[in-house]
Structure formats: C-alpha cells, structure tokens
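A short worksheet on the structure shown next.
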Amino acid sequence: MPVPTTVKSKKPPGAGLKVAKPASKKKDEEEGVDQGDGWDEWAQGKALIKPPDQLELTEEELKEEFTKILTANNPHAPQNIARYSFKERSYKPISSVDQMAVHFVLEGNLIHVDSEEARRQRARHDQTDEKPAAEAEAEPNEEIPENPVIEETSEIVDAAAAEDAEEAEVLGEEERPDSVEAQIGKKEQKVTNQFNFSERASQTLNNPLRERSCQTEPPPRCNFSATANQWVIYDAYLEELEKQEKNKDKQKTSSAKKEEDKPKKNKMVTETQSDDFTKVVKVVRIFERMVNQNTFDDIAQDFKYFEDASDEFREQEGTLLPLWKFQYDKAKRLSVTALCWNKSYQDLFAVGMGSYDFSKQGHGMLLLYTLKNSTCPEFIYPTSSGIMCLHIHDRLSHLVAVGFYDGCVAVFDLKAEEGGAAQPAYKSTAKAGKHTDPVWQVRWQNDDMDNNHNFFSISSDGRVVSWTLIKNELVFSDVIKLSLEGALPECLEVVEQPSVACGTSFDFHPKIDFLFLVGTEEGKIHKCSKAYSSQFLETYQAHNMAVDAVKWNQFHPKVFLSCSSDWTVKIWDHTIKTPMFTFDLNSAVGDVAWSPYSSTVFAAVTTDGKVHVFDLSINKYEAICQQPVVAKKKTKLTHIEFNPIHPIIVVGDDRGYVTCFKLSPNLRKKPKEKKGQEVAKGPEVEEAKMEKLLSLLREPDYNSV
C-alpha cells in the first residue's frame with residue numbers, strides 16, 4: 001500500500017518580500033560574472049522596499065502598548081426583544097440575551113480504540129486481508145500446510161461467530177447479521193478514518209394500557225320547600241338563646257362542684273408558691289438590669305465616656321446627645337406632667353403622668369425609672385386622678401409628695417409592702433381641707449419643731465397650704481390666700497366679687513427659709529413670707545400670660561428665673577421690680593431649670609419640641625444650643641430637669657415619653673487651668689460670676705449703694 005509523502009522546501013530569507021529584480025542570466029554571461037559568486041552578493045546586498053502608504057513610526061511609538069479588552073458579548077445579538085407575559089398580561093422586554101454564537105457543528109460517531117466494538121472491527125479487517133493471500137498460494141490438489149496465521153484467524157473467526165450469536169439473541173432473528181464466513185468472503189470497503197462506524201438499533205417493550213373505573217351509589221335526594229318570615233327567624237333566635245343559657249348554667253354548676261371537691265391542702269400549696277415568688281422578685285430585677293445593660297451597652301458607654309469632639313470647632317455652640325428613651329405601654333395616652341430626680345440615688349427619677357387637657361381627664365400614674373433599666377419602671381403606682389406635680393424628699397428618698405388634678409394631695413411610701421404599695425400612705429380628703437382646683441406644685445420643707453414631716457402645695461383655688469404628716473393623717477393649715485388687687489367693684493349695690501388669684505407655681509428660697517415666690521395665672525409673681533399671711537412682700541408684673549414655672553438660683557441669693565406661655569423667659573433680681581434679662585423663644589415655654597454646676601447656665605423647653613440651653617457667661621443674647629428633640633412635629637415638650645451630679649438632662653413630652661440627653665462639653669464649660677495657678681472653685685465663685693453679670697445691667701445709683 002503506497003504511503004503518501006510530503007516534501008517541504010525552505011525558502012531563502014526575504015523570499016516573501018518584494019526585492020529588486022536581479023539582472024538576467026544572459027547579461028551575466030556576457031559580463032563574465034560567475035553565478036555562484038553572485039549568489040552571496042544577491043543574498044546580502046538586496047534592500048527591502050517599503051510600500052508607499054506605510055506609516056513611519058518612531059521607536060517610542062513602536063514600543064507603545066495598546067490594551068484591548070475582549071468580551072464574550074455578541075455584538076449582533078438583539079437587545080430589544082419583547083415577549084408576552086401571561087402574569088402581567090402585557091409585553092415585557094427581556095433583559096437577558098443569549099450571547100453564544102455557533103460557528104461550526106460536526107456530528108460524528110467515534111469509537112474508543114480499546115472498546116469491544118473496535119476489537120471486532122480490527123479482527124474483521126485482518127481476516128479480509130489475509131484470506132485472499134492464503135488462497136492464492138495454496139494449490140487445489142495439494143494439502144494446505146499448517147500456518148500459524150491461519151490458525152490464528154480461525155480462532156478469531158470462531159470468536160466473532162460466538163459474538164454474533166449473542167447479538168442475534170438480543171436483536172432477534174430478523175436483524176441477525178451475516179455470518180463471519182460470509183463477511184470473510186465479501187471484501188469490505190476500507191474506511192479512511194482511523195475510527196470505524198457501526199450502526200445499531202434496539203427496541204424496548206411498551207407497557208400495555210389499562211383502564212379502571214368504579215361506580216358508587218347515588219346519594220339520597222328529597223325536595224324541601226318552606227317560607228321564612230320575621231316571626232320564624234325570631235323564634236329560631238329565641239330557641240338558640242335558650243340553649244346557650246342552659247349550657248352556661250350547666251358549666252357553672254359543674255365548676256362549683258369541682259371547687260367544692262378540692263381539698264384545703266391544694267389551697268395551702270398555692271399560697272406557699274406565691275410567697276416563694278415574692279422572694280424571687282429582687283433577684284429577677286437584678287437579672288433584668290443585667291440583661292438591659294448588656295443590650296444597651298453602647299448607650300451606657302456614651303453616657304460614661306463620650307465627649308463630642310466637634311465642639312472644638314464650634315467655639316460657643318453645643319449639642320445634646322440622645323441616650324435612653326423611657327416609655328410605659330399603659331401610660332402612652334398620658335402626658336408627662338412632672339419630673340423630679342432622687343438626690344440620694346442619682347440614677348433614679350420620678351415621673352408624674354396625667355393630662356393638661358380638661359376634656360381628657362381620667363386616671364393617672366406615678367412611675368419611677370432608673371438609668372440602669374430603661375425598658376420598665378422600677379415602681380408603678382396607678383391613680384384614680386391625673387397627677388399634676390410631685391416632689392421627692394431630699395433626705396427621706398422613699399417619700400414622694402404628689403398633687404392631683406381633683407385637688408387632692410398624697411404621700412407615697414416606696415418602702416411600703418407590695419400589698420399596700422398601690423395606695424398612698426397619706427391622702428387628703430374633702431373633710432381634711434383638700435383643694436377645690438388642680439394642685440399645680442408641691443414642695444417638701446424642713447421638719448417642724450415636733451420633727452413632723454411637712455410639705456407645701458399651691459392650687460388654682462388661690463390657697464398655699466402647709467400639710468403636716470401626723471400619725472396616719474394629713475393636717476393642713478393655710479399659709480396664704482392669693483387675691484387680686486383692685487378686683488373689688490366700686491358700686492356697693494353690686495354683689496361683692498371674690499378677689500381670688502389662681503396660683504400656678506411657687507419656689508422656696510434655698511438659704512432664707514421663710515421666703516418664697518408664687519406665680520399666678522394672671523402673669524404676676526408675688527414674693528411672700530411664711531410669717532405674713534395677709535400681704536405680699538413684693539409683686540412683679542412679670543408676664544402677659546400664666547407663669548408656668550419660677551425657680552430660685554441655687555448659687556446667687558437674689559436671682560430667680562421665670563417662664564410663661566407668652567414665649568418669654570426672664571431673669572430677675574428680687575430687689576428690683578424689672579427683669580434683668582428677657583429671652584423670646586418664639587413658642588410657649590413649658591418649663592425652665594437651673595443647672596446644678598453653674599450659676600449662669602439654665603435650660604428651657606418649648607411646645608414646638610425644642611430644648612434651649614443658655615450660658616449667660618458666654619452669650620447674654622441667645623441660646624448656645626437650640627435643638628429639636630422630638631420625632632413628630634406636633635409633640636409638645638412639657639418638663640425638663642437637670643441631674644444633680646451627672647451632665648445629663650431628662651425631658652418629658654405630652655405623649656408620655658421621657659428622653660435622656662447628655663450635654664456636650666461646650667454646654668458645661670469650666671475655666672481653664674493655667675500652669676502654676678489653681679482655679680478657684682465653689683459656690684462663692686459661681687455667685688461672683690453671676691454678680692459680675694448683674695453689675696453690668698444695674699443702674700449706677702444701685703451699684704454705688
């Protein structure tokens with residue numbers, strides 16, 4: 001069998017390029033130039049010819065690399081295919097497009113070289129090649145000598161016949177291939193490919209179809225007809241009600257029998273279980289605090305260590321950092337009407353819940369929260385009337401005085417057992433001289449000469465009353481009755497009108513025990529004394545509307561602060577009838593409070609949801625912090641209180657929420673310490689700081705005196 005051969009020829013270098021044509025052979029013979037020697041000159045001295053349109057590039061341009069990004073996206077793929085969506089009943093564009101492009105497909109049948117089919121084909125191919133050669137050499141009359149090749153082929157033929165028999169059993173008699181002897185006699189066509197192709201087919205048995213059916217008896221039927229009117233419907237309802245009542249009576253009788261059958265031992269067991277539960281309450285509270293402190297650990301870290309670094313770039317302005325938010329689900333519809341910190345336990349404060357709206361009066365609630373657990377109050381005291389004010393005793397921190405909207409005053413004892421904790425330890429009654437109008441403020445006083453605890457209260461009925469705790473009852477005595485000047489009519493024939501002024505707030509001097517201030521609904525502030533019950537020491541025409549709060553300065557003995565619903569906050573010297581400072585906050589002011597660490601810092605809350613913080617030593621004209629602190633615009637802030645030790649405040653609103661804020665460093669600035677000098681501290685320094693401000697505003701005659 002001839003084997004095809006390929007001859008590869010090498011071209012001389014530069015054979016593919018365009019070069020200058022050499023001189024003809026005849027010309028070389030005439031000039032006597034040897035052809036062998038000229039080959040070297042022809043190979044070496046030929047110059048390359050550049051095409052005329054080729055660009056000339058410098059070495060830098062030739063070395064420059066151009067980056068090309070190849071993507072698998074098909075540029076010819078359509079991008080605007082739209083198909084009908086049966087779900088939305090409209091045509092929707094298809095975002096995903098098939099980017100695959102098929103360039104060549106070839107369907108072929110390959111057989112592995114080591115497979116059984118390939119071995120059979122090789123055996124058949126060898127047999128067809130060897131048998132004609134053996135017949136040509138052997139003579140007809142002579143015996144065929146033994147040949148190992150023929151023996152080998154006979155064995156192969158037997159093996160192929162056995163395999164064909166197996167195939168016949170599987171494929172059936174009709175598709176039985178030809179015998180091996182017939183295949184050997186017939187010369188097969190050679191396959192040019194190194195793999196041989198074999199075509200086979202098989203059939204599978206199809207399971208016969210089966211039909212199943214079942215029959216059932218038809219349900220019984222009957223025709224029904226009736227007419228319904230109101231009387232029939234009414235009678236049917238009465239019958240149903242009678243059945244329900246009978247079932248209720250049966251249940252009551254069965255439950256009564258079960259209770260009578262229970263032995264007394266079971267009752268004793270339930271009592272002991274409840275007693276055991278009360279012993280666990282303290283431990284459960286401790287665990288609850290631990291869980292909450294772990295949950296709100298980031299807030300506790302901010303409370304202890306966070307200082308706003310941006311204050312260094314604000315110069316004078318400061319900010320409030322929100323910390324905890326206190327709320328109780330059963331008091332959501334009530335307003336925060338009073339706030340007071342406990343001076344013995346600095347993390348505990350009391351919240352009075354009620355309503356300032358006359359049409360929404362109902363129940364109230366006294367709650368005591370701690371900073372260690374913001375999710376639930378420590379003490380809960382529901383009341384039948386809304387709480388308007390409260391005050392915690394400075395020394396006896398378990399006594400809380402409360403004033404109600406219905407005119408009663410009460411004292412709650414936090415140490416009382418749980419059985420009587422829901423009820424106050426002391427409460428005034430109509431026989432015991434209770435107020436006839438809401439009580440707007442209460443304040444604990446020093447014990448009297450008999451060491452009895454007592455507190456004062458003020459109400460809209462114009463009475464300032466002193467209440468003394470004697471045994472199990474409250475004993476009252478009127479200190480002063482407020483009256484209007486010039487309220488009596490000039491005509492004597494007209495019935496005399498009562499000249500009662502409505503008291504809204506009061507505060508007692510921190511150093512002078514008998515001196516106190518009273519704010520009225522008419523906008524006046526009266527300076528009163530406990531020793532004089534018939535007259536005022538001084539009257540200030542303070543505001544145009546009701547005085548919501550009046551507070552003495554804790555450091556300077558002459559200065560007090562007042563706020564009103566007429567949008568103003570005023571600072572007074574009680575020896576002068578005109579205010580020293582007046583600030584307009586553009587909204588009704590709900591409450592004001594002096595800071596416990598500086599004589600010139602105070603804060604106020606307004607009904608537009610803002611907290612205003614002032615520092616007179618830094619800015620005497622406007623607040624150094626005006627920050628809205630409510631989530632909803634319609635929320636009104638009602639009260640504010642400074643913590644006696646920590647630089648935080650608590651703010652209450654009319655939705656029952658109490659929020660705690662931390663003052664930034666600019667809101668509690670202290671004088672810088674110079675090297676080698678000690679900065680003077682104490683109440684005398686704070687008093688001198690306030691006195692320096694007041695001396696700039698007083699008249700020259702007063703300063704000389």
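Note that the structure is a prediction, hence the values are computed from the model and not measured. Position 1 is the first residue of the sequence; numbering continues from there.
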Side chains of [X] and [Y]: does their closest heavy-atom pair fall under 4.5 Å?
X: Ser96; Y: Ile94; answer: yes
X: Val569; Y: Phe602; answer: yes
X: Leu667; Y: Val601; answer: no
X: Phe583; Y: Thr568; answer: no
X: Lys372; Y: Gln293; answer: yes
X: Val605; Y: Thr638; answer: no
X: Asn666; Y: Ile618; answer: no
X: Tyr381; Y: Leu368; answer: yes

Backbone N/O of [Y] and side chain of [X]: donor-acceptor pair under 3.5 Å:
X: Asp653; Y: Tyr657; value: yes
X: Thr295; Y: Val291; value: yes
X: Glu64; Y: Glu60; value: no
X: Thr128; Y: Arg124; value: yes

For the student: nearest non-hydrogen atoms of [X] and [Y], plus distance:
X: Ser355; Y: Tyr405; answer: O-CD1, 4.4 Å
X: Ala350; Y: Leu366; answer: CB-CD1, 4.5 Å
X: Cys376; Y: Glu288; answer: CB-OE2, 3.9 Å
X: Ser385; Y: Thr383; answer: O-OG1, 2.8 Å

Distance (rounded to the nearest 0.5 Å) between [X] [atom1] and [Y] [atom2]:
X: Ile286; Y: Asn373; atom1: CD1; atom2: CG; result: 12.0 Å
X: Ser595; Y: Leu663; atom1: OG; atom2: CG; result: 8.5 Å
X: Asn294; Y: Met290; atom1: CG; atom2: CE; result: 7.0 Å
X: Lys634; Y: Lys636; atom1: NZ; atom2: NZ; result: 10.5 Å
X: Trp341; Y: Ile649; atom1: CH2; atom2: CD1; result: 10.0 Å
X: Gln346; Y: Ile648; atom1: CD; atom2: CD1; result: 10.5 Å

- prompt: Please, which pairs that meet salt bridge (Lys or Arg N to Asp or Glu O under 4.0 Å) have at least one residue in residues 213-224, sequence neighbours excluded?
  reply: none
- line: The complete set of salt bridge (Lys or Arg N to Asp or Glu O under 4.0 Å) pairs with one or both residues in residues 67-91, sequence neighbours excluded, reads Glu88-Lys92
query: How would you list, by chain and number, every residue that makes a side-chain contact (heavy atoms from CB on, under 4.5 Å) with Pro208, sequence neighbours excluded?
result: none
- request: Can you sort out the partners of Asn73 under side-chain contact (heavy atoms from CB on, under 4.5 Å), two or more places apart, ordered by chain and number?
  value: Thr71, Gln99
Counterpart residues, side-chain hydrogen bond (donor to acceptor under 3.5 Å, both in side chains), relative to [X] (two or more places apart):
X: Asn643; value: none
X: Tyr345; value: none
X: Asn247; value: none
X: Glu378; value: Arg289

- prompt: Do Asn292 and Thr375 have a side chain donor and acceptor closer than 3.5 Å?
  reply: yes
message: Regarding Ser564 and Asp548, do their side chains bring together a donor and an acceptor under 3.5 Å, going by distance alone?
response: no
message: Among Thr659, Thr607, Asp591, Val630, exactly one meets side chain to side chain contact (heavy atoms under 4.5 Å, CB included) together with Leu637. Which residue is that?
response: Val630
- request: Decide side chain to side chain contact (heavy atoms under 4.5 Å, CB included) for Trp567 and Asp584; before the verdict, give the C-alpha distance in whole Å, the side-chain angles of both, and the deciding distance to 0.1 Å.
  value: CA-CA 6 Å; Trp567 299 9; Asp584 191 345; 3.4 Å; yes
field: is_close_aromatic(Phe303, His646), centroid dist under 6.0 Å
entry: yes
task: Under the ring pair (Phe, Tyr, Trp, His ring centres under 6.0 Å) rule, collect the residues that match up with His363, sequence neighbours excluded.
output: none
Anything under 3.5 Å between a donor and an acceptor, one on a side chain of residues 226-244, the other on a protein residue two or more places apart or in another chain? List them.
residue : atom : partner : partner atom : Å
Asn229  : OD1  : Trp231  : N            : 3.4
Asn229  : OD1  : Val232  : N            : 3.0

If you count heavy atoms of other groups shown closer than 6.0 angstrom to [atom1] of [X], is the number above 12?
X: Asn223; atom1: CG; value: no
X: Glu59; atom1: CD; value: no
X: Glu641; atom1: CD; value: yes

message: With side chain to side chain contact (heavy atoms under 4.5 Å, CB included) as the criterion, how do Ile624 and His612 come out once you've worked through the C-alpha distance, each side chain's angles and the decisive distance to 0.1 Å?
response: CA-CA 8 Å; Ile624 60 176; His612 305 258; over 6 Å; no
- prompt: Between Glu117 and Arg120, does at least one N-O distance fall below 4.0 Å, as a salt bridge requires?
  reply: yes
Name each donor-acceptor pair under 3.5 Å that joins a side chain in residues 318-340 to protein atoms two or more places apart or in another chain, with its distance.
residue : atom : partner : partner atom : Å
Thr319  : OG1  : Asp308  : OD2          : 3.1
Ser335  : OG   : Asp654  : O            : 3.0
Thr337  : OG1  : Gly352  : O            : 3.0
Thr337  : OG1  : Ile387  : O            : 2.4

Ring pair (Phe, Tyr, Trp, His ring centres under 6.0 Å) contacts touching residues 55-86 (sequence neighbours left out): Tyr84-Phe86, Tyr84-Tyr91
